[in-house]
Amino acid sequence: GAVVSQHPSWVICKSGTSVKIECRSLDFQATTMFWYRQFPKQSLMLMATSNEGSKATYEQGVEKDKFLINHASLTLSTLTVTSAHPEDSSFYICSAREGSYTEAFFGQGTRLTVV
Amino acid sequence: AQTVTQSQPEMSVQEAETVTLSCTYDTSESDYYLFWYKQPPSRQMILVIRQEAYKQQNATENRFSVNFQKAAKSFSLKISDSQLGDAAMYFCAYRSPPNSGNTPLVFGKGTRLSVIA
């Protein structure tokens with residue numbers, strides 16, 4: 001199956017700093033990327049959808065200025081958590097899809113801890 | 001908007017036995033896709049099985065099979081000969097057809113499956 005690589009797997013940062021999470025499709029063109037957030041023992045919550053070369057579409061309640069999403073190429077999307085605070089600590093997962101293909105493939109996730 | 005409901009927060013099964021996880025969904029679309037994903041402790045999302053709504057035949061993948069009841073909007077997952085490695089969180093997910101755009105998956109809240117040796 002197609003591979004999506006997400007990096008880093010875990011990161012600890014100080015409150016007030018910014019953190020960038022990368023999501024790469026290794027063997028297909030990710031025309032669409034989805035970013036999710038998952039709290040402990042809960043389901044995945046969609047944060048935003050991005051199409052290559054376009055601005056991301058954010059879900060209601062997600063601060064676009066805080067969670068910056070860039071999808072400038074067909075193999076790379078980044079999520080930057082700006083001015084991170086402890087309440088931003090969570091597990092972030094990306095998912096990528098090629099064209100109208102049925103299935104989307106998931107990265108391994110990033111555990112963010114803000115101290 | 002579509003919704004997915006998993007009414008069993010936790011389930012347990014004896015090793016080698018069979019267990020069924022429930023999922024219902026709500027949609028006004030006639031064509032769509034349904035998925036079961038497994039999330040083990042590593043938290044990597046793994047696709048278990050997929051069902052196209054236009055297909056009447058239930059999907060099967062080795063020990064995993066589904067019971068797809070379109071009229072009832074039900075999509076249950078049956079795991080046969082359960083193994084210790086099946087212990088994980090299982091999510092049921094819905095996707096609108098590709099011709100409706102780049103729609104994301106809609107997830108249920110999940111069912112945590114424990115396998116007892």
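Throughout, protein chains are lettered first and strands after them, A, B, ... in sequence-line order, and every chain is numbered starting at 1.
Between the CZ atom of B/Phe107 and the CD atom of A/Gln42 there is a distance of 14.5 Å, given to the nearest 0.5 Å. Atoms CD and CZ, on A/Glu103 and B/Phe35 in that order, are 6.5 Å from each other to the nearest 0.5 Å. Between B/Tyr37 atom OH and A/Ser43 atom OG the span is 12.0 Å, to the nearest 0.5 Å.
Proximity of B/Leu105 to A/Phe34: side-chain heavy atoms (C-beta onward) are nowhere separated by under 4.5 Å. In this structure, B/Met45 and A/Gln108 have side chains that are not in contact, with every pair of non-hydrogen atoms separated by 4.5 Å or more.
Your options are B/Gln44, B/Glu52, B/Met89, and the one with the most heavy-atom pairs under 4.5 Å with chain A is B/Gln44. For the set B/Ile46, B/Thr103, B/Val106, the count of heavy-atom pairs under 4.5 angstrom toward chain A peaks at B/Thr103. Interface check for chain A: of the options B/Gly110, B/Pro9, B/Pro104, the most heavy-atom pairs under 4.5 Å are formed by B/Pro104. Between chain B and the options A/Ser9, A/Gly99, A/Gly107, A/Gly109, heavy-atom pairs under 4.5 Å are most frequent for A/Gly107.
Surrounding NE2 of A/His7 are at most 12 heavy atoms belonging to other residues, nucleotides or ligands under 6.0 Å away. Within a 6.0 Å radius of NZ in A/Lys55, no more than 12 heavy atoms belonging to other residues, nucleotides or ligands are found. Residue-environment remark: CD (A/Glu87) exceeds the threshold of 12 foreign heavy atoms within 6.0 Å.
In this structure, A/Val81 is not a member of the same hydrophobic cluster as A/Leu46, with clusters built from ILVMFWY side-chain heavy atoms closer than 4.5 Å. In this structure, B/Tyr94 is not a member of the same hydrophobic cluster as A/Phe105, with clusters built from ILVMFWY side-chain heavy atoms closer than 4.5 Å. Residues A/Trp35 and A/Val4 do not share a hydrophobic cluster, clusters being chains of Ile/Leu/Val/Met/Phe/Trp/Tyr side chains in contact below 4.5 Å. When the side chains of ILVMFWY residues are joined at heavy-atom separations under 4.5 Å, either directly or via intervening members, A/Leu112 and A/Tyr36 end up in two distinct hydrophobic clusters. With hydrophobic clusters built from ILVMFWY side chains whose heavy atoms lie under 4.5 angstrom apart, A/Phe67 does not share a cluster with A/Ile93.
Both the backbone and the side chain of B/Arg43 come within less than 4.5 Å of a heavy atom of chain A. No part of A/Gln6 comes within reach of chain B, as not one of its non-hydrogen atoms sits under 4.5 angstrom from that chain.
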Begin from the C-alpha positions of B/Lys109 and A/Lys41 and carry the test side-chain contact (heavy atoms from CB on, under 4.5 Å) through to its verdict.
CA-CA 9 Å; B/Lys109 291 188 175 182; A/Lys41 298 185 178 181; over 6 Å; no
